[in-house]
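Values reported hereafter were calculated over all heavy atoms of this structure, with side chains retained and with hydrogens, waters and symmetry mates removed. Each residue takes its place number in the sequence, starting with 1. Not measured: the values here are computed from a predicted model.
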Amino acid sequence: MQHQPPTTPVTGDDGVPSQPSGRDREAAEREAARGTERDTARDTAREAARREAGPAPAPRPRSGALAALRTPAALNTAPLVVAAALWLWALPRIDFRSIEEFGLLDRFPFGFYASLAVLTGGFVLTLRRAGTAPLWPATYCAAMLVALKAPPAILYDTVRYAWASKHDAIISRLLTEGTVHPGRELSGGMSAYDQWPGFFSLDAALVRAFGVDAAASFINWAPVALGLLTVPVLILVYRTFSDDWRLVWTGVWIFQLANWVGQDYLSPQGFSYLLYLTVFAVVVRHFVLPGSAGALRDRSALDPAAAAVPPPTTTRQRAVAVLFLVPIIATINASHQLTPVMLCASLFALCLTRRYRNLGLLATTGLIMLVWNLTMGRELFLETLGTLREKAGDLLGNSRPGFAGDPTGPGPELVGSANVLMVLALGGLAVAAVLLRRKLARSALPLVLAAAAPLPMFAVNDYGGEMIFRVYLFGLPGSAFFAAAALVPAVGAASRAAAIARRTAAVALPVTLVALLAGFLPSYYGKEGMHYAPPGETALTRRAFDRAPEGALILAATGAFADSYYRYDHYERWFFTEQEVDENLRMLKDPATYLAGGIPAGRPAYVILTPTQGEAVIGEGYLPEGGFDTLRDALKRSPLFAVVEESPYGLVLRYRPTTTG
């Protein structure tokens, strides 16, 4: 750089700066005066123009408002408001009274689907700041749960789901009699509910506490209540294995969408499942053995999203924790038959690791289960042991879904396809994460083992055709966590592969969540024709039971209809299509003679056939398409049966044994 020489003032010969002359000073003063006059005139003109134009407008706050709308709080709130408006607009327009073959899928208005899409988009946006504002993803999870499962609770004027009405009947009987009779034999396997009465006793207490007539007053809200109670327990489990709130909340979101198996209603399974998750959360957080973590406390050995292993506990601390868990484990055993077995399987799987080798807890849990099965549940327990010779080792038979044959009709077929695709999608994502994020799989090994622990149940029993759904349900927490890990890449990795993974996840995450939502809806609502019965149908069913004398035999195509167990301790029941398909096809050749051959001599018998049963036998694959109509028409024509009542809500017939056909 070149430096310029310094500028020096002009000086006289003596070195002193020269001074202007008197003439120059006068000229400068006159010029300054003229400039001042010009400035004054200009200011005067501006002031006059301002007065003529009026007062100046106030500054516009537009820029401030726009800035406020761009804040994180506003961006997180906007989708909630839009989704709520769409959902509330759509709710009264859900045409649930005219359900056809696709359930509610073609009865939901466009606004309902739009609200779910907006909630999904809003949830994905909240994940960007999930670490600093985790309440926003929590709000969206709760909103999605309500949006998905509250419509039946708000709209339906009867109990949704036949098994829920069955449980309402059990609770009503318990309230009436005030006790249980574990040794009393009841038809249809109803004695089991007296042998495992814990859940029903709790509900009877709630009926008394709420001051309502029956559990039917709140029964349709059970999926929402159980779902909301499950969320904090899942967070405890997932936070044990991950410090990344994005991964945690995505796991919770996927769990909600993948929980389509229909066990979240007011049931012993739904209640016991919540307690099972509670026990699991306590174990993984407070039962770490000293010296078992090894390198899993070193951040350099962990996945960036992984959490360090919880602090170890002493023998005394674990003993105190066992005392805390014993009442919960006892409640599980008093409420449900299968959940204690699944709990023992999960605890045994955890014992395969050094971290959670708590043999004392496993022994305590097994002892409680054995004591209950040999006392209160002795009869059913021994009966189940007797079936093991036939069922044990039959992997294909035990993994068969509950229906006897293949569902018929486009609606049930869509539901079956959606079920399969949901299982494949969830399992594929989880396996991919275990293989690609091995450090995370190593630190979260208890979740891997818990997801796999139910699988051996396929070698034991079919649980009435329900085992495949229960295995899926108990493996869901671990599967949902790793499915989320496949979609939420680790933060902080600077490699090229990590950058590609983040760009891919930006597209894959919302697309996958929308796809899971699309699979949930037909899986959960595609068979709604067999889950909702109008009040006229339930009234017809109750009149039929009240008309029948004590001890009569009540026949129905299936037990999957509302109030099928109304006053169940006063009657015998025969759900005659709940058998192998080949036998049903033989029955359809001459329904009247077939049914008459199964009615004991001298026993009064009535047949109840309702539209809900027609949906159920097709949806579950008991009868071929059109088979229910064939059955109904044949019984109406037969002289062996007399029509007692017929309406759009159903048909009631009385058996006439003295008439020859």
Side-chain angles (χ1 to χ4, degrees), residues 161 163-175 177-184 186 188-209 215 218-219 221-223 225-227 229-230 233 259 261-283 324-347 364-381 383-384 454 457 461 463-464 466-467 469-471 473-474 477 565 568:
Y161 200 43
W163 284 81
S165 71
K166 177 182 180 179
H167 294 163
D168 179 41
I170 297 168
I171 296 166
S172 296
R173 173 174 173 256
L174 183 58
L175 286 168
E177 299 190 2
T179 186
V180 295
H181 308 280
R184 181 178 175 183
L186 297 171
M190 297 301 291
S191 301
Y193 296 98
D194 278 3
Q195 297 166 16
W196 278 269
F199 167 76
F200 300 107
S201 300
L202 173 63
D203 283 300
L206 290 178
V207 170
R208 296 294 192 202
F218 54 81
I219 204 167
W221 284 101
L226 288 174
L229 291 172
T230 300
V233 182
N259 188 12
V261 293
Q263 292 300 322
D264 56 352
Y265 67 105
L266 193 73
S267 64
Q269 177 65 95
F271 172 68
S272 299
Y273 186 65
L274 175 62
L275 297 183
Y276 162 87
L277 289 176
T278 302
V279 173
F280 186 80
V282 173
V283 171
F324 168 77
L325 290 178
V326 162
I328 302 177
I329 296 171
T331 303
I332 294 174
N333 280 271
S335 301
H336 197 237
Q337 304 94 338
L338 182 62
T339 305
V341 180
M342 292 295 192
L343 179 59
C344 286
S346 296
L347 294 178
T364 301
T365 304
L367 180 62
I368 294 173
M369 179 179 66
L370 185 62
V371 168
W372 188 274
N373 287 336
L374 293 178
T375 53
M376 285 288 289
R378 177 182 175 84
E379 292 185 13
L380 183 60
F381 176 65
E383 179 183 338
T384 303
M457 296 298 108
N461 201 313
Y463 200 63
E466 287 281 322
M467 186 60 78
F469 300 113
R470 306 307 170 96
V471 168
L473 179 65
F474 281 92
Y565 287 89
Y568 64 92

Closest non-hydrogen atom pair, Gly262 against Tyr161
O-CE2, 4.2 Å
With side chain to side chain contact (heavy atoms under 4.5 Å, CB included) as the test, would you mind laying out the steps for Gln337 and Gln195 before giving the verdict?
CA-CA 10 Å; Gln337 304 94 338; Gln195 297 166 16; over 6 Å; no
Tell me the closest heavy-atom pair linking Phe218 and Leu206, and the distance in Å.
CZ-CB, 4.3 Å
Please report the C-alpha distance between Leu380 and Trp196 in whole Å, then the side-chain angles of each, then the deciding distance to 0.1 Å, and finally whether the side chain to side chain contact (heavy atoms under 4.5 Å, CB included) criterion is met.
CA-CA 10 Å; Leu380 183 60; Trp196 278 269; 3.6 Å; yes
Rounded to the nearest 0.5 Å, what separates atom OG1 in Thr230 from atom CG in Leu226?
6.0 Å
Considering all heavy atoms of both residues, which atom of Pro327 and which atom of Phe324 are nearest to each other, and what is their separation?
CD-O, 3.3 Å
Can you tell me if Asp168 uses its side chain to pair, donor with acceptor, with the backbone of Ala164 under 3.5 Å?
no
Going from CD1 on Ile170 to CG on Leu175, what distance comes out if it is rounded to the nearest 0.5 angstrom?
12.0 Å
Using every non-hydrogen atom in the two residues, find where Thr278 and Leu274 come nearest and quote the distance to one decimal.
OG1-O, 2.9 Å
From Thr339 atom OG1 to Ile332 atom CD1, the distance as rounded to the nearest 0.5 Å:
7.0 Å
Other residues, nucleotides, ligands: >12 heavy atoms within 6.0 Å of Trp163 CH2
no
Apply side-chain hydrogen bond (donor to acceptor under 3.5 Å, both in side chains) to Arg470 and Gln269, showing your working.
CA-CA 9 Å; Arg470 306 307 170 96; Gln269 177 65 95; 2.8 Å; yes
With Phe271, which residues qualify under ring-ring contact (aromatic ring centres under 6.0 Å, His included), at least two apart?
Phe199
Those residues at least two apart in sequence (or on a different chain) that pass ring-ring contact (aromatic ring centres under 6.0 Å, His included) with Tyr568 are none
Distance in Å, Ser165 OG paired with Ile219 CD1, rounded so as to fall on 0.5 Å steps
7.5 Å
Any ion pair linking Asp194 and Arg173 (charged N to carboxylate O, less than 4.0 Å)?
yes
Tell me whether the count of non-hydrogen atoms from other residues, nucleotides or ligands lying under 6.0 Å of CZ in Arg184 goes above 12.
yes
Checking ring pair (Phe, Tyr, Trp, His ring centres under 6.0 Å) between Phe474 and each of Tyr463, Tyr273, Phe280, which is the one that passes?
Tyr273
In sequence, state the C-alpha distance, the side-chain angles, and the governing distance for Phe200 and Ser335, and then conclude on side chain to side chain contact (heavy atoms under 4.5 Å, CB included).
CA-CA 8 Å; Phe200 300 107; Ser335 301; over 6 Å; no
Please confirm whether the ring centroid of Tyr565 lies under 6.0 Å from the ring centroid of His167.
no
Nearest heavy-atom pair of Ala215 and Leu266: which atoms, and what distance?
CB-CD2, 4.3 Å
Could you check Leu370 against Ile368 for side chain to side chain contact (heavy atoms under 4.5 Å, CB included), going step by step and ending with a plain yes or no?
CA-CA 5 Å; Leu370 185 62; Ile368 294 173; over 6 Å; no
On a heavy-atom basis, the closest approach of Met342 and Pro454 is SD-CB, 3.8 Å
Where do Lys166 and Tyr193 land on the side-chain hydrogen bond (donor to acceptor under 3.5 Å, both in side chains) test, with the steps shown first?
CA-CA 11 Å; Lys166 177 182 180 179; Tyr193 296 98; 3.1 Å; yes
With a 4.5 Å cut-off on side-chain heavy atoms, are Leu347 and Leu343 touching?
yes
Drop me the distance from Leu229's CG to Leu277's CG, to the nearest 0.5 angstrom.
11.5 Å
Got Met457 and Asn461 here, is their nearest side-chain heavy-atom distance under 4.5 Å?
no
Quick one: CD on Glu177 to OG on Ser172, what's the gap to the nearest 0.5 Å?
11.5 Å
